[in-house]
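In what follows, a single structure is set out as structure tokens and then discussed.
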Number of protein chains: 2
Amino acid sequence: MKIKTKAITIEDVVRLSGVSRGTVSRVINDHPHVSEEKRKKVKEAIEQLDYMPNVSAQRLRNIKTKTIAVIVSSISNPFFGLLLEELEKDVIKLGYQLLLCNTRNSKKKEIDFLRLLITNQVDGIILASMANYWENIKEFVNYGPIVCCNQFDPKVEVPSIGLDHEEAAYIGTKHFIDNGHEKIAFCGGISQFNISVGRKQGYEKALKESGLKINKDWIFDNVYGTAGGIEVFNNVANMRVRPTAVFSGGDEIAVGFIKAALDSGWKVPQDISVMGFDNQPIGTFVSPELTTIQQPIEQMGKITIQKMIESINNIQSMRSEEIILKANLIERNSVKTI
Amino acid sequence: MKIKTKAITIEDVVRLSGVSRGTVSRVINDHPHVSEEKRKKVKEAIEQLDYMPNVSAQRLRNIKTKTIAVIVSSISNPFFGLLLEELEKDVIKLGYQLLLCNTRNSKKKEIDFLRLLITNQVDGIILASMANYWENIKEFVNYGPIVCCNQFDPKVEVPSIGLDHEEAAYIGTKHFIDNGHEKIAFCGGISQFNISVGRKQGYEKALKESGLKINKDWIFDNVYGTAGGIEVFNNVANMRVRPTAVFSGGDEIAVGFIKAALDSGWKVPQDISVMGFDNQPIGTFVSPELTTIQQPIEQMGKITIQKMIESINNIQSMRSEEIILKANLIERNSVKTI
DNA sequence: TTTTAAATTGGGAACGTTCACACTTCCACG
DNA sequence: CGTGGAAGTGTGAACGTTCCCAATTTAAAA
């Protein structure tokens, strides 16, 4: 390969255009108080030299990095994939870059990533998953904007954008009830902070509202992945009084449940109805297609970025603020309807 | 929030430790020629002040960013999710960061991202997907290391790590043949550069080797996603002479095909065998579970990072080099065996 | 015309590092 | 006891910007 040539700097532009460094800088940054004539000259010189400002120097001078870090627990989790896709799209439009921070739920890694804020390597951090308790993170708020996305912790002292999990579970459970189901089971998904708690409340609320009894045997906690769904099915299959419907805390759980049911010769939704959560692509790949709850990921991404930019531009605005989004019911074929 | 306090700089360490700036810098960078006594003093001061070097200043001085960009066409594509997970893991270990570049197959965006190299914003770029032809990208090689991962283009003049798609398709097709299948269909997947071409060659090679005729009607090109799989099934269902096995260029295609088959009352694999590609999680969520070809993503990530680091450290080593990995057959239940 | 304000322009200083160089000290060796 | 070289240390310069301030020009108001 060719030897990397010495970079073109602002001084080269100065020489070619015949104006001063200050003026060139003003042109680059679209500042006022530059005559049209010189502005044109500078632009031509920049064009001709294919000059691009050195970002490191700009960062050093400005203390702005035009970079935002996103902390997720696992990039390969499809939910985060979709969320990242959304965040990236919005962030790029505004001239920012996205730094990928994958924690695998390591508390230490999360802290290391948060330190990016202290060292001025990023302008802000989006916490899309949280491995530590807020107590252990809160100090970082002093070093730059943090926005939470996808989860709530009532203690959090920054803007949080997330789903109303209680309402989501309520809608789902209500959908069962409206279609004549009275014996409804609930899988809590992994009890990540208070997401599960909220969902269970929504589930119970819907039951109570319709005068249905809550049966502890039908509530499963810490169910995770397809394996978890299969396990739940095995439990259900062995019950004397079985539920006719299962609200599950994730599409994988639902798919696992359905798979186990079909494998045991059951018919879905005739013998048992199942509802997923998250509206992941898998839901349409299976038969019957999964009725599920959809998170408004696009909206979540948009608002997160908006709040982040606001926080970056006006450090005052970094206050506790919960933005709660509504879930959507996606009706497909895994729920027996009237 | 508290007002962001003025950052602690090397000068603060100088004052507290009572040595010179140069010595502090030497301690920070683990350079020799520092007495144990002063080294200790400096370390204590750093500890006490919780000092962290300003990365922007280091970058400006060093022209090293300790950041690597990864260009992918879509983060939400599960394959890239897995690959990113792997890349991130290895990169972090070496003290680098990962900048996420999502192109959505936009040629312009890809070019914009490649420009990060020119502006010294990253030390290197991993091209995990390629929206442009190599001709239009090659100039960027002059500005820093580029490594290709996940695809080959014979013209590419940098290290490339990828799957031997020809062999992968050969293995898959052979598996059908070894289990008594003689009428085997092929879905090419999206014809992304020469991936599809290689696969088709492997498919044809296996057939020829066993003296089987190639039937053009059974070769489907540009099939994509579950919808594509369904479409292929509809085609197959209407044939007078139907294949008994389908090799598909992606798990989604395979799942779509199976779904359509089951919906039409077919039995899989009794009535028709199906093989996927990529070994995505979906494959285990469906019934029958999908027999598929697995890409060695972990290995691919590891080697990619290794080549990238080599290229960064020794700019000479940036030459054309193809590293071809072997695929794995994952046997599950979607292929009728003898 | 004179005064005043605004627009335009140039150049020094600063951002926080690391590097190159110069200087001192120390020790080994003849 | 002088000499050479290595180890240890401090300081000025440089990396490439942007900001601030002062100087100059221009335009508007009186």
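Letters A, B, ... are given to chains in the order of the sequence lines, protein chains preceding strands, and every chain is numbered from 1.
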Between [X] and [N], is there a contact of a side-chain N or O with OP1 or OP2 at under 4.0 Å?
X	N	answer
B:K64	C:dT18	no
B:Q58	C:dG16	no
B:N29	C:dT18	yes
A:T9	D:dG16	no
B:T23	D:dG10	yes

Review point. Between the base of C:dG16 and the side chain of B:R21, is there any donor-acceptor pair under 3.5 Å?
Key: no
Round to a whole Å and report the spacing from [atom1] of [X] to [atom2] of [N].
X	N	atom1	atom2	answer
B:R61	D:dG16	CZ	C1'	12 Å
A:K38	C:dA7	NZ	P	17 Å
B:N54	D:dT17	CG	P	17 Å
B:R15	D:dG10	CZ	C1'	16 Å
B:E11	D:dT11	CD	P	10 Å
B:I8	C:dG16	CD1	C1'	14 Å
B:N62	C:dC15	CG	P	19 Å
A:I10	C:dA13	CD1	P	18 Å

Check your understanding: Are side-chain heavy atoms of B:V19 and B:V14 found at a separation under 4.5 Å?
Key -> no
Exercise for review: Report yes if the side chains of A:C149 and A:L83 come closer than 4.5 Å at any heavy-atom pair, otherwise no.
Suggested key: yes
Can we say [X] and [Y] salt-bridge, meaning some charged N sits less than 4.0 Å from an Asp/Glu carboxylate O?
X	Y	answer
B:D50	A:R115	yes
A:D123	A:K64	no
A:K41	A:E44	no
B:E157	B:K138	yes
B:D12	B:R15	yes

Check your understanding: Counting only N and O atoms by type, is there a donor-acceptor contact under 3.5 Å from the side chain of A:S76 to the main-chain atoms of A:S74?
Key -> no
Review point. For the side chain of A:E86 and the backbone of A:I297, is there at least one donor-acceptor N/O pair under 3.5 Å apart?
Key: no
Check your understanding: To 10°, what angle do the rotation axes through the five end pairs on each side of the helix from C:dT1-D:dA30 to C:dG30-D:dC1 form?
Key -> 40°
Check your understanding: What does B:R26 touch in the nucleic acid at a heavy-atom separation under 4.0 angstrom: a base, only the sugar-phosphate, or nothing?
Key -> base
Practice item. Consider only side-chain N and O atoms of A:R61 and B:S56, and report whether a donor and an acceptor are under 3.5 Å apart. Key: no
Practice item. Can you sort out which residues in residues 30-37 of chain B have a heavy atom within less than 4.0 Å of DNA chain D? Ascending by number, please. Key: B:H33, B:V34, B:S35
Point to revise | Nearest listed nucleotide, side chain of B:P53, among D:dG10, D:dT17, C:dT17 | key: C:dT17
